[in-house]
Amino acid sequence: MSPIMYGLLVTLFGLTIVFLVLTGLWGILAMMKLFFGGKKAQETQATVKSMVNTTGSEVTAAAVQSDEMDADELLAVITAAISACMGGENNLYVRKITRVGDNTPVWGQISKQEQMLNRL
Amino acid sequence: MSPIMYGLLVTLFGLTIVFLVLTGLWGILAMMKLFFGGKKAQETQATVKSMVNTTGSEVTAAAVQSDEMDADELLAVITAAISACMGGENNLYVRKITRVGDNTPVWGQISKQEQMLNRL
Amino acid sequence: MSPIMYGLLVTLFGLTIVFLVLTGLWGILAMMKLFFGGKKAQETQATVKSMVNTTGSEVTAAAVQSDEMDADELLAVITAAISACMGGENNLYVRKITRVGDNTPVWGQISKQEQMLNRL
Amino acid sequence: MSFIYEELIKLYQSTGFAVITWQQCVMLAVSCLLIYLALKKGFEPLLLVPIAFGMLLANLPAAGLMNGPIYETIDGVTKMKDPGGLLYWLYQGVKLGIYPPLIFFGVGAMTDFAPLIANPRSILLGAAAQLGIFTTFMGALLLDKLPFLEFTLKQAGSIGIIGGADGPTAIFLTNKLAPELLGPIAVAAYSYMALVPLIQPPIMRALTTKKEREVVMEQLRPVSRMERIIFPILVTLVVSLVLPSAAILVGMLMFGNLIREAVDLQSVLNRLSKTAQNEMMNIVVIFLGITVGATANGELFLLPRTLAIIALGLIAFSMGTAGGVLFGKLMYRLTGGKVNPLIGSAGVSAVPMAARVSQKVGQEYNPNNYLLMHAMGPNVAGVIGSAVAAGVLLSMLG
Amino acid sequence: MSFIYEELIKLYQSTGFAVITWQQCVMLAVSCLLIYLALKKGFEPLLLVPIAFGMLLANLPAAGLMNGPIYETIDGVTKMKDPGGLLYWLYQGVKLGIYPPLIFFGVGAMTDFAPLIANPRSILLGAAAQLGIFTTFMGALLLDKLPFLEFTLKQAGSIGIIGGADGPTAIFLTNKLAPELLGPIAVAAYSYMALVPLIQPPIMRALTTKKEREVVMEQLRPVSRMERIIFPILVTLVVSLVLPSAAILVGMLMFGNLIREAVDLQSVLNRLSKTAQNEMMNIVVIFLGITVGATANGELFLLPRTLAIIALGLIAFSMGTAGGVLFGKLMYRLTGGKVNPLIGSAGVSAVPMAARVSQKVGQEYNPNNYLLMHAMGPNVAGVIGSAVAAGVLLSMLG
Amino acid sequence: MSFIYEELIKLYQSTGFAVITWQQCVMLAVSCLLIYLALKKGFEPLLLVPIAFGMLLANLPAAGLMNGPIYETIDGVTKMKDPGGLLYWLYQGVKLGIYPPLIFFGVGAMTDFAPLIANPRSILLGAAAQLGIFTTFMGALLLDKLPFLEFTLKQAGSIGIIGGADGPTAIFLTNKLAPELLGPIAVAAYSYMALVPLIQPPIMRALTTKKEREVVMEQLRPVSRMERIIFPILVTLVVSLVLPSAAILVGMLMFGNLIREAVDLQSVLNRLSKTAQNEMMNIVVIFLGITVGATANGELFLLPRTLAIIALGLIAFSMGTAGGVLFGKLMYRLTGGKVNPLIGSAGVSAVPMAARVSQKVGQEYNPNNYLLMHAMGPNVAGVIGSAVAAGVLLSMLG
Ligand code: NA
Ligand code: NA
Ligand code: NA
């Protein structure tokens, strides 16, 4: 078979397989929706904007009670604090929230050891 | 020697050696206490809680004067600032302090270069 | 040739080459200055100190409008907020600014995907 | 003092000036040009800066940074006489097929497949856009007929994969089929990815009507956590069973995605997810970039075929875009106007640049039209699609 | 068109469907089950997710991700014809014994040995809990008498080490003694570690009296910085001189710990300490997990012995717990009631899960009893103890 | 029960106590001393702690952590019987010349060359300070005449490079020329770098007049972004063309610096810059340190030549300082008093310690004199200078 002929065969098979596989995935995604799609999607992001709209003291209390206060919430606290200081005019709009770094533990505390060591 | 017999030997020797080695470590730890245990143990963690109980301005001043302001202190500053803003009612309780990330340097400053470059 | 003689040769050539190469670089640097040195050097560091001297609200607005708010600016905001809270007495002097960690994205936002995925 | 003179001669002969070839001169210039394009014009700097610098290092005369080790056998004992150059050793990660799957692992950890799960029919657009791969493959086979060009089937397949608009896939396949083309293909792939906002819009406008471009699509449904977690496992199983040669790329992509999504259930996995996205990825990007660039030595790079590859790469991207848009038009018809064909062009991969182009062109004609999330579906489907196409090429040509 | 038909046949024969074995089907199901247990039930997700996904990838039919390279010799020159699969190359880090010591390095950098230094007699509890290792070793030798099971001495030793409740140690030893059991042993070790809160409490209650369980222990003394820094050096020297085969594990654990504690004196070492704890650890965990899982191919995994290993693993954890508690009772007697025997169960390692179990059971009987820090002593001693036990097994069976 | 007795004998013979040599005892003590110096006296802890611990691990009797793999051939098939020790495998990164250039990559990403670009004549001070390398090289050749010492040309070159005051360069060159000296040379290089604040000031004071020391230098001009970006490319090209053997060190240093400076233009490169400076660097530092230390086994280390190397190392640093200061005096004359000769001592590298010494000595004599930024020029030039000197030694002795 000449290279061109074999190339055409590859093209024919190739496009067919690409479509077959991805159509198969489509079918599977459709089935998956039937089985698992009914459940309410959970919100993975902390709803930072709404938190910012509450008063500073509420946010602060909420955040410090949380055992796993993460950086997003920290920023929310900061923003809220700033906004509270400025007299409560909530004209802030947090455009980008950067989660900061890896939460390296304060190692005297057992809680992080629990998360890690026994898993290694 | 049958595997079982050899296994018993391994068990006998194994447990003996484990106990011997760890008992040896016990002895060494006891001796180490005699030599070095008398010194007052230093506190490795910044005493964040007490810092929070001071007024915001003091904490801030302390922190910014420190040449190696670390993340714990930063959080203390933040907490203190928030608490100061809210009228000084120190009902905050910092449950978990996460040290954030690697202190990547602002490279224009010579001070960090000193820490690093000459060590490589 | 004896080792000592060859050593002298190496020393002669070595010092000559070191000087030649570095003198060559000097020349090139001098030429580079002619071509590119005329342009005003840009300031790579955010001028944190001056930002701190502005009022808190201005800084906040500036920072949150920035799409790439980085950690230095975040600290500037914090410092400014604290300073604003304390009645505007700008006796703060930021001695060391540590940029915190890697800006891991909040992945719901497309903006970071844009920065990264298409580059891999 | 004649021995000083002799040593001086020897020393001069050991300098780069004494042995530099015209190809090396040109390659040094090319690498400076690529650094310029990457830094000043924003051509995929994350990959093109390391590629260009690797090209520069590998073309420094007499430096031997890509030299392999030299062994010598004395009395039957083989010893390493010279360890060879750094780039040779780092290149083993390309040669053994290690870096590209690790990058896919990181990409999986960074990619949100929810827009695809929410709108699964958009996956077909990610299939249609692979048209670019196969037309370019045929194009290379046709160019082989020209007297001054010669492309084997394997080389043609490697050139075709540029149309996948996916760097690691292109590097992975080219390393297996035609490693001698690694340099030009990687440079072409990353350069055209940077040019997507210039290449695609005219094609998109030419192939669609104004009415089609103004279609506003329905809001995407929310996707449950369970769907997000099951998706990567299912994709791995289905794709790998049908096409074992695509297992490694798709499997690592989906492994990364599984860890990303599983963070919601087990937050300790955040450690792995972050490392996959950041440090591990960055280290692999540096090593991959610099060594892919280092394969581009002058003798292999400065051939007519490099120009042909660059021309074919443009065809690849254009045909991929056209394939996606035309299939989008078909879906527009079949769904009674519910699908905006502009999202088809995003099927070429180039995540998320191509999706943003769909968004931008859409808003030109209807300022209230937000196609971005709809285009992300075909966009991430295109990554899977080009990995599948690579698997086909690998199994039929390899 | 017969050649199209032929190609179709060839293509079908290259799919996974054509060559899948029943073992591979079962293994794919097993890996999905492990992912479920890891994510939904919280079974050590940090390791079990990579292990399970590695198992899945390695059992994809015809994908060959664990295949070694193929060389061919033409005219006396040997060349690599096929580089083999990614998992084969990543697996070299297990095979050459590189990953487990690196994980120990990170664990050392994360572990605070102060509770052990403050209360050195608790180290003996970490010795007693190694009973589980040796009883399980004997159990495996006895099971060898059954007609349908066969365990060599080396295999029995590898199974015994499950009782060490320490993943990297188990992987390190099994790789040296019986690599064919790596999959089941790693899965058993990590699964039972996750089940420690279920396995231990009944044994602890059965072996102790109410009065013993209510013992309140004295406050631990503070530990000086000097002691913290000298401790890792001394442990390395003592353990390695007595048992050279344990030197690598204990040495790297203590190297990590030295760097951790030395940060107080030289803050620049914080760079190394953080990297050891985070990025380096995470990268190694990913590579270790995925390749350990990949050793579990169906032919080796789906044998009666795997069930026996899982049964023996339960015995291992139970006997280790019993050994620790019984020795705790002995210390209770000898110290006139100053030692609460509940801290003995923490000697099995499984840091810090086992120590938390001691704390929890203690508080059930005396709500004001805080055993956690006292239990951390035996807990970290257990890590050293199982490394020593592994050294004995390696030197007597290896 | 005689077999128990036999096993006991065997067991005893397998302990470290049974086989320890006096050299190993001394080396264990030396490594503890180095840890003490690193932690208590602040001797370059970032490198010396890993080096010292590697030395300790490698000298543990019978542990075999530096042993290579053992192969056995059965029926013509060669199989690995024993994988060897961890340190052997990590050491390959030194042996193959991988770690030092990667550290240079990170150093480049951390170094600001602007003070050099702003004041290019200061680059000559970075050349003059390389005098220390060559005088020490000659010194070693002269010591070779002593009856109890023997230094080959290659060994003398490796000893000379201590005068470069640059750890990775010293390790890189010594690995190529005289790997048997790696341990003592690395220890000497890093120890003397830590002692720069003690070694340099007396020499600086002895060679300069009070008037010279009080010279206040002009403010440095600002450096444009373009200059910063072009600088690393030009340096790579010029140095590599003249001296191909220096290409790898200078090339990687400048690649790191290019990425650092290019962040201003393309912020996405910040990912690579941070990884190069932090995690990648830290991982390589750990591996490099521990394996360089591990080369220092007793038989090689405890020889008269080690004392000679330590003595020569002091000469190297002193002569380097003198060379820089004397050339500084020359520049003081030629520029009519514009150059303060104290900045010459910074030319030995040891960034930025040596520059701080210039600053400190300068302020002693004129409290308003800020020489730091002026000394940074020769300081970073010294890094380039010693890489060039290493290239010369490599090409003339290698
Ligand atoms: Na694609
Ligand atoms: Na244990
Ligand atoms: Na130097």
Side-chain angles (χ1 to χ4, degrees), chain D residues 7 10-12 14-20 24-25 28 31-32 35-36 38-50 52-54 56-65 69 80 82-90 92 275 277-287 289-290, chain F residues 92-102 104-105 175-176 225-226 229-230 232-234 236-252 254-256 258-259 261-276 278-280 282-283 391-392 395-396 398:
Chain D
E7 283 291 326
K10 259 170 63 186
L11 206 70
Y12 171 74
S14 76
T15 68
F17 296 116
V19 295
I20 195 165
Q24 286 168 330
C25 286
L28 293 176
S31 51
C32 290
I35 291 172
Y36 172 81
L39 295 185
K40 269 289 183 186
K41 303 290 173 192
F43 272 35
E44 305 291 344
L46 201 56
L47 261 297
L48 273 191
V49 171
F53 211 88
L56 187 147
L57 290 177
N59 285 286
L60 292 171
L65 302 188
M80 186 181 283
D82 186 283
L86 173 71
L87 299 183
Y88 171 84
W89 292 108
L90 298 183
Q92 301 309 306
T275 296
Q277 290 173 35
N278 295 307
E279 303 309 335
M280 191 166 144
M281 174 77 111
N282 297 345
I283 291 172
V284 177
V285 162
I286 291 168
F287 289 174
I290 199 170
Chain F
Q92 300 310 304
V94 177
K95 200 178 160 197
L96 303 177
I98 294 171
Y99 298 151
L102 291 184
F104 256 54
F105 177 55
N175 176 59
K176 298 256 184 186
R225 185 201 280 162
M226 192 60 100
I229 288 176
I230 290 174
I233 300 172
L234 278 182
T236 305
L237 288 174
V238 170
V239 175
S240 304
L241 284 172
V242 176
L243 202 63
S245 50
I248 184 63
L249 286 181
V250 172
M252 291 304 283
M254 291 298 143
F255 179 31
L258 175 67
I259 283 182
E261 299 299 345
V263 168
D264 280 349
L265 286 174
Q266 297 292 336
S267 61
V268 75
L269 288 171
N270 202 24
R271 285 175 64 98
L272 304 189
S273 174
K274 274 182 182 170
T275 295
N278 295 305
E279 303 308 335
M280 191 166 146
N282 297 345
I283 291 173
V392 173
S395 97
M396 292 189 74

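By convention in this document, chain letters (A, B, ...) are assigned in the order of the sequence lines, proteins followed by strands, and residues within each chain are numbered from 1. Source: prediction; values computed, not measured.
Only the side chain of D:Ile35 comes within contact range of chain F, judged by heavy atoms closer than 4.5 Å. Heavy-atom distances place both the backbone and the side chain of D:Ile283 under 4.5 Å from chain F. Of the two parts of D:Pro50, the backbone and the side chain both hold a non-hydrogen atom closer than 4.5 Å to a non-hydrogen atom of chain F. Contact annotation for F:Lys176: only side-chain heavy atoms (C-beta onward) come within less than 4.5 Å of a heavy atom of chain D. Contacts between D:Phe53 and chain F at a heavy-atom distance below 4.5 Å involve the side chain alone, from C-beta outward. Neither the backbone nor the side chain of D:Ala18 comes within contact range of chain F, judged by heavy atoms closer than 4.5 Å. Within the 4.5 angstrom heavy-atom criterion, no atom of D:Tyr36 approaches chain F. There is no contact between F:Leu243 and chain D, counting heavy-atom distances below 4.5 Å. Proximity to chain D (any heavy atom under 4.5 Å) is shown, for F:Ser245, by neither the backbone nor the side chain.
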Test side chain to side chain contact (heavy atoms under 4.5 Å, CB included) applied to F:Met252 and D:Ile290, step by step: CA-CA 10 Å; F:Met252 291 304 283; D:Ile290 199 170; 4.0 Å; yes
Audit row: D:Leu39, F:Leu269, side chain to side chain contact (heavy atoms under 4.5 Å, CB included) steps and yes/no: CA-CA 10 Å; D:Leu39 295 185; F:Leu269 288 171; 3.7 Å; yes
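The candidate from D:Leu56, D:Ile20, D:Asp82 with the greatest count of non-hydrogen atom pairs under 4.5 Å with chain F is D:Leu56. With respect to chain D, the highest number of heavy-atom pairs below 4.5 Å among F:Leu265, F:Thr275, F:Val392 belongs to F:Thr275. Note on F:Ile259, F:Leu258, F:Ile229: by heavy-atom pairs under 4.5 Å with chain D, the leading option is F:Leu258.
A side-chain donor-acceptor contact under 3.5 Å links D:Thr15 to the backbone of D:Tyr12.
Residues D:Gln24 and D:Val19 have side chains not in contact (no heavy-atom distance under 4.5 Å, counting atoms from C-beta outward). Considering only heavy atoms from C-beta on, F:Val250 stays 4.5 Å or farther from F:Phe255 through its side chain. By the 4.5 Å heavy-atom criterion applied to side chains, F:Ile248 and D:Leu57 are not counted as neighbours. The closest side-chain heavy-atom distance from D:Ile286 to D:Leu90 is not below 4.5 Å. The side-chain heavy atoms of D:Leu11 and F:Met396, taken from C-beta on, include a pair separated by under 4.5 Å.
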